[in-house]
K.L.:
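Quick one: the structure is below, questions incoming.
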Amino acid sequence: MKRIGLLGGSFDPVHRAHIQLANHALDALGLDEVNLIPAANPWQRAPLGASPEHRLAMLELAIQGSPGLTINTIELERSGPTYTLETLAQLPSEPEYFWILGSDQLQNFCTWKGWQDILNYVNLAVAQRPGAQVAPPAALQAHLAEQQQQLYRLSLPPIDISATEIRTRLKQHQNTDGLLDPAVQQYIKKHKLYLT
């Protein structure tokens, strides 16, 4: 059975921490591949700064040189708000899936639409994010125990990079060296993204 990691996000823009997390999960969980799934219209956050076309182009640049990483455009092809449960229901059922998330998202997991049903499709693999411990909410902990499901912990040291900070820096014409893949940085500059 194939083992596939799923890393969803707005990738607005994709940065080094996203790619490091995907590559780490690939190795740590013995996955065949990791699908990066750019969100079309995530319902729990503010409007996105770059169009789906730009975010997809930046992702394609960022995964060059990472053979185990692929892009799944399932959410960009579906209109309306982006719900993880609907995405998972559309995926082929054969592989074993691992949903990769940060500890900050883990804290909010029980607010996701149909969160108990999500766990029928995937295993959760969590990495620590700065300022958020890897501690599942009580309801999630109880549900995992009841279903005899494991919470996989990724031992990647927390990487203090956020897309919000990058967008702020770009808007203020500040340096983003080391935060973005150089090809992504060039793309943003060329297309004058995140300046307003």
Side-chain angles (χ1 to χ4, degrees), residues 1-15 17-45 48 50-106 108-127 136 139-140 143-156 163:
M1 186 190 289
K2 279 187 90 170
R3 291 162 64 90
I4 296 179
L6 305 171
L7 179 58
S10 48
F11 302 113
D12 190 29
V14 59
H15 53 66
H18 292 133
I19 303 303
Q20 286 176 342
L21 175 56
N23 278 317
H24 179 81
L26 188 70
D27 293 337
L29 299 170
L31 305 176
D32 294 288
E33 61 186 76
V34 173
N35 293 180
L36 291 101
I37 307 174
N41 183 13
W43 66 279
Q44 281 191 322
R45 59 155 291 169
L48 302 178
S51 69
E53 294 77 18
H54 283 313
R55 291 184 293 117
L56 183 56
M58 288 187 282
L59 267 176
E60 286 166 353
L61 292 169
I63 67 167
Q64 287 176 0
S66 296
L69 307 190
T70 61
I71 300 168
N72 185 326
T73 57
I74 187 169
E75 293 188 353
L76 297 181
E77 291 155 17
R78 194 174 71 226
S79 60
T82 300
Y83 295 110
T84 300
L85 181 58
E86 291 169 13
T87 300
L88 296 174
Q90 286 185 278
L91 294 176
S93 58
E94 301 79 43
E96 182 179 10
Y97 292 109
F98 293 79
W99 188 266
I100 303 161
L101 72 170
S103 53
D104 50 345
Q105 292 174 308
L106 185 71
N108 298 328
F109 187 77
C110 297
T111 69
W112 294 16
K113 180 184 176 184
W115 67 269
Q116 293 101 329
D117 296 326
I118 288 172
L119 296 168
N120 296 330
Y121 293 97
V122 296
N123 301 291
L124 293 182
V126 62
L140 175 57
H143 187 81
L144 289 169
E146 192 181 296
Q147 301 299 315
Q148 297 182 317
Q149 258 182 295
Q150 184 181 344
L151 178 69
Y152 292 82
R153 292 168 192 261
L154 298 168
S155 60
L156 185 70

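Note that the structure is predicted; figures quoted are calculated from it, not measured.
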K.L.:
Which heavy atom in Phe11 sits nearest to a heavy atom in Pro38, and how many Å separate them?
P.N.:
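Taking Phe11 first and Pro38 second, the nearest heavy atoms are CD1-CA, 3.8 Å.
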K.L.:
What's the spacing between Leu48 CG and His54 NE2 if we round to 0.5 Å?
P.N.:
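That separation rounds to 13.0 Å.
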K.L.:
Are the side chains of Lys113 and Glu86 in touch, meaning some heavy atoms are under 4.5 Å apart?
P.N.:
yes
K.L.:
Of all the heavy-atom pairs spanning Gly102 and Val126, show the shortest one and how long it is.
P.N.:
C-CG2, 3.8 Å
K.L.:
Does any part of the side chain of Ile118, heavy atoms only, come nearer than 4.5 Å to the side chain of Trp99, both counted from C-beta?
P.N.:
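Of all side-chain heavy-atom pairs linking Ile118 with Trp99, none is under 4.5 Å.
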K.L.:
So which atom in Asp32 and which in Lys2 form the shortest heavy-atom distance, rounded to 0.1 Å?
P.N.:
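Scanning both residues, the minimum pair turns out to be OD2-CA, 3.3 Å.
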K.L.:
Donor-acceptor pair, Asp12 side chain versus Ala50 backbone, under 3.5 Å?
P.N.:
yes
K.L.:
In Å and rounded to the nearest 0.5 Å, what is the OG to CG distance from Ser93 to Leu88?
P.N.:
12.0 Å
K.L.:
Please name the pair of heavy atoms, one in Thr82 and one in Ala40, separated by the smallest distance, quoted to 0.1 Å.
P.N.:
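Closest approach of Thr82 to Ala40, heavy atoms only: OG1-N, 3.2 Å.
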K.L.:
Side chains of Phe98 and Val34: does their closest heavy-atom pair fall under 4.5 Å?
P.N.:
no
K.L.:
Does any non-hydrogen side-chain atom of Ser155 lie less than 4.5 Å from one of His24?
P.N.:
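In short, these two side chains touch, coming nearer than 4.5 Å.
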K.L.:
Relative to the ring of His18, is the ring of His15 parallel (under 30°), tilted (30 to 60°) or perpendicular (over 60°)?
P.N.:
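Ring orientation, 0 to 90° scale: parallel.
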K.L.:
Looking at Leu6, Thr70, Asn72, which hits side chain to side chain contact (heavy atoms under 4.5 Å, CB included) with Glu33?
P.N.:
Thr70
K.L.:
Can you tell me how far apart CD (Gln105) and OG1 (Thr111) are? Round to the nearest 0.5 Å.
P.N.:
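Gln105 atom CD to Thr111 atom OG1 measures 10.0 Å (nearest 0.5 Å).
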K.L.:
Measure the spacing between CG of Asp117 and CG of Leu85 and express it to the nearest 0.5 Å.
P.N.:
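Taking CG in Asp117 and CG in Leu85, the distance rounds to 5.5 Å.
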K.L.:
Which heavy atom of Cys110 sits nearest a heavy atom of Ala139, and at what distance?
P.N.:
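It is SG-CB, 4.1 Å.
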K.L.:
So does Tyr97 get a backbone contact from the side chain of Asn123, meaning a donor-acceptor N/O pair under 3.5 Å?
P.N.:
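Yes: the side chain of Asn123 pairs with the backbone of Tyr97.
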K.L.:
Between Thr87 and Arg78, is any pair of side-chain heavy atoms under 4.5 Å apart?
P.N.:
yes
K.L.:
Can any side-chain N or O of Thr73 pair as donor or acceptor with the backbone N or O of Leu76 at less than 3.5 Å?
P.N.:
no
K.L.:
Taking atom OG of Ser103 and atom CG of Asn108, what is their separation to the nearest 0.5 Å?
P.N.:
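Rounded to the nearest 0.5 Å, the OG-CG separation comes out at 10.5 Å.
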K.L.:
Could you walk me through whether Leu124 and Leu140 pass side-chain contact (heavy atoms from CB on, under 4.5 Å), step by step?
P.N.:
CA-CA 11 Å; Leu124 293 182; Leu140 175 57; 4.1 Å; yes
K.L.:
State the CD1-CG distance between Ile100 and Leu21, to the nearest 0.5 angstrom.
P.N.:
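Reported to 0.5 Å precision, the distance equals 6.0 Å.
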K.L.:
Does a side-chain heavy-atom distance below 4.5 Å link Leu119 with Gln149?
P.N.:
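Yes, side chains in contact.
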K.L.:
Arg3 and Gly30: which non-hydrogen atoms are nearest, and at how many Å?
P.N.:
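So the two residues come closest at NE-O, 3.5 Å.
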